[in-house]
Amino acid sequence: MKMTQVRKWKSTMAAMALIIAIGSSLMACSGNANNTGTGSAGDGNATGGNDSEAPVTIKIMSDFTIAQPPSPDNPIVKEFEKSTNTKLDITWVSGANWSDYVDRINVVLSSGDLPDLLKLNDVTNPLFQQMVNQGVFWDLTPYLKSYPNLMTYPESIWNNTTIDGKNYVIPVARPLNGFVFTNVRKDWLDKLGLEVPKTVDDFYNMLKAFKEQMPDGKTDTYGYTMRGHEVLDGVFTNSNGRWKDIGGELIDANFDPGMREAILFKKKLFDEGLVPPDFSVMKDSQFWDLATTGRAGATAETIEAQFRWTYDQWKRDPQVDWMPMSSLSYQDGPYAPEYRGYIGVLAIPKKVPEEKMKKILSLLDFGASEEGGTLSLYGIKGVHYNDENGMKVATEQAVVDSVGVGAFGKLFMRYDPYMYAYAPGMTKEIFERNKQVIDERAKIANPDVAIGLVSETDTKLGADYTKKMADMKTQVIMGKATIEDWDKLIQDIRNDPNYKQITKEINKAYKERLALTQ
């Protein structure tokens, strides 16, 4: 079903992991402000309802991406338990390598010994889809409207996480804008008297100037690190992700003529030495090293992550200014990609009784509230952070108690469109500039039209096709194959019966979802 139109979030405060945010109003809440909907469950409000009732034990499995997971006696856990009248039994599994976590999910799903609340990689997980069809998980669709804080998540995020138009999961929300896109050294542009590029031609000229004029004086300077260079594919094809909508039909974006132009553009950058010659085998740490040692003036990263590298560079050069670009244009006008809006999903097995299922939804609704979101991201005032000049400044205890997106933010999240605009140490001026960039992107952001869609044939065979096309792109860029080799590969895949079946299945799923959400 199509979710009710959600309210537009009007917060102007940051919500970055662990430590700092703008605005003390995050902590200004009354006893009634954060009540969750009770629906027909009679669960009470977010502060736990009837205190005479025994706490409800909820077994949870989720990922963490910090050095150590929260302990059972963690004060944030205790505050969540106190506020929701629950006892949280959380199994934390390392998500540092996401594929390892997905393997763990599949082991748990196969075992049948499911926790009360399970963090999944996505609704497209084949085993999860199979179990949903077998009735193993709750259809939460009829209940969600009773949980107002969860309903603040944008409608597109809910639509992206449906199965056959129904909500079997709660997305762990993230902003739709501010994710990975191109960032440039604004201080280099200023030094060379250049403007922030608007078109791909401007972008090329900027990279050439960076290479030839070496603003930081490094003789081995490149224009572009090539990290995240796939964003250029989207610029040239005017699409986000693998599939592109052409008149209501999805085609593989690799078949779009713009992809051929993107490959040739990157080959030009390679041939002229504007990108590192070994980009195809470089690790993230090597891309970041180029960007942070003054040897490259453009890269791709989320806004907040790019600033973390900026903050490190400030120790050596306080004039460094990495600026996130709002858009880049080819033939179809300004382009910026829209993020899918979630970093995983939460599912409740049908073995959980209905009243307990509603209690779990109440817990998640509290986590999506202003009070719960602040607790998850920043912790307890006076213990994990202090308000200083309208900023939330972390204490050492915040790290000790695993406060932030690396653990609790994997489960509990208040939706804030500017979450990716902020990072620790950022000045207010840069934060305001980043918010403006996010606002500009939001006006033109191109969504991934195939998020959440499943093709059984693609699940079985698609990885091989994807690898063949990715490898050929790299070979052409590096001069080890010709653009005609790319043309032949694309023609062969177009005519492949299995790939035609993938396209047929993905279009069937797409049209079914459109019918349910319009």
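These numbers were taken from a predicted model, which means no experiment stands behind them.
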- prompt: Should the pair K359-D116 be classified as a salt bridge under the 4.0 Å nitrogen-to-oxygen rule?
  reply: no
statement: The reported gap from CG in N125 to CG in L120 (rounded to nearest 0.5 angstrom) is 6.5 Å
task: State whether D233 and K266 are salt-bridged, where the test is any N-O pair (Lys NZ or Arg NE/NH1/NH2 against Asp/Glu carboxylate O) under 4.0 Å.
output: yes
query: Given the rule in the side-chain contact (heavy atoms from CB on, under 4.5 Å) test, do W138 and Y143 qualify, once you have shown the distances and angles that lead to the verdict?
result: CA-CA 10 Å; W138 274 100; Y143 304 94; 3.5 Å; yes
- prompt: Atom CG of L117 and atom CG of L361: how far apart are they, to the nearest 0.5 Å?
  reply: 9.0 Å
- request: Take F137 and F128 through the test ring pair (Phe, Tyr, Trp, His ring centres under 6.0 Å) and record every step on the way to the result.
  value: CA-CA 9 Å; F137 289 91; F128 176 66; 4.9 Å; yes
Nearest-0.5 Å distance, CG of residue L453 to CD1 of residue I163: 11.5 Å
message: Quick one about Q436 and E432 (side-chain donor to acceptor, distance below 3.5 Å, no hydrogens or angles considered), yes or no?
response: no
task: List the steps, then state whether side-chain contact (heavy atoms from CB on, under 4.5 Å) holds for W309 with T299.
output: CA-CA 12 Å; W309 297 110; T299 192; over 6 Å; no
- request: Measure the spacing between CD1 of I76 and NE2 of H384 and express it to the nearest 0.5 Å.
  value: 4.5 Å
- request: Test salt bridge (Lys or Arg N to Asp or Glu O under 4.0 Å) on D190 and K186 and set out the steps.
  value: CA-CA 6 Å; D190 293 343; K186 180 65 165 56; 2.8 Å; yes
message: Let's go through N434 and Y420 carefully: what are the C-alpha distance in whole Å and the side-chain angles of both, what is the deciding distance for side-chain contact (heavy atoms from CB on, under 4.5 Å) to 0.1 Å, and is it a yes or a no?
response: CA-CA 9 Å; N434 290 343; Y420 285 135; over 6 Å; no
message: If we count only N and O atoms by modelled type, under 3.5 Å, do the side chains of D448 and N160 hold a donor and an acceptor together?
response: no
field: Heavy-atom side-chain proximity of V405 to M413 below 4.5 angstrom
entry: yes
message: Consider side-chain contact (heavy atoms from CB on, under 4.5 Å). Of D100, D63, N121, which one does I105 pass it with?
response: N121
query: What do the steps show when you test K511 against E249 for salt bridge (Lys or Arg N to Asp or Glu O under 4.0 Å), and what is the final call?
result: CA-CA 8 Å; K511 290 174 182 178; E249 291 282 336; 2.4 Å; yes
message: Between D139 and T141 (side chain of the first, backbone of the second, donor and acceptor by atom type, cut-off under 3.5 Å), is there such a pair?
response: yes
- prompt: Only one of F287, F203, Y204 forms a ring-ring contact (aromatic ring centres under 6.0 Å, His included) with Y224, so which one is it?
  reply: F203
- prompt: Can Y342 and D122 be said to form a side-chain contact (heavy atoms from CB on, under 4.5 Å), step by step?
  reply: CA-CA 9 Å; Y342 63 97; D122 202 356; 2.8 Å; yes
message: In terms of relative ring orientation, are Y311 and F307 parallel, tilted or perpendicular, with 30° and 60° separating the classes?
response: tilted
message: Tell me whether the rings of F408 and F80 are parallel (<30°), tilted (30 to 60°) or perpendicular (>60°).
response: parallel
field: Check ion pair D312-R308 (N to O, under 4.0 angstrom)
entry: no
field: Polar contact flag, side-chain donor to acceptor under 3.5 angstrom, Q313-W322
entry: yes
Any Q306 side-chain heavy atom under 4.5 Å of F181 side chain: no
- request: Consider only side-chain N and O atoms of D401 and Q397, and report whether a donor and an acceptor are under 3.5 Å apart.
  value: yes
- prompt: Judged by atom type as modelled, is there a donor-acceptor pair below 3.5 Å linking the side chain of D321 to the main-chain atoms of D187?
  reply: no
- prompt: Regarding N149 and T152, is there a side-chain donor-to-acceptor distance under 3.5 Å anywhere?
  reply: no
message: Has S376 got a side-chain atom pairing as donor or acceptor with F412's backbone, closer than 3.5 angstrom?
response: yes
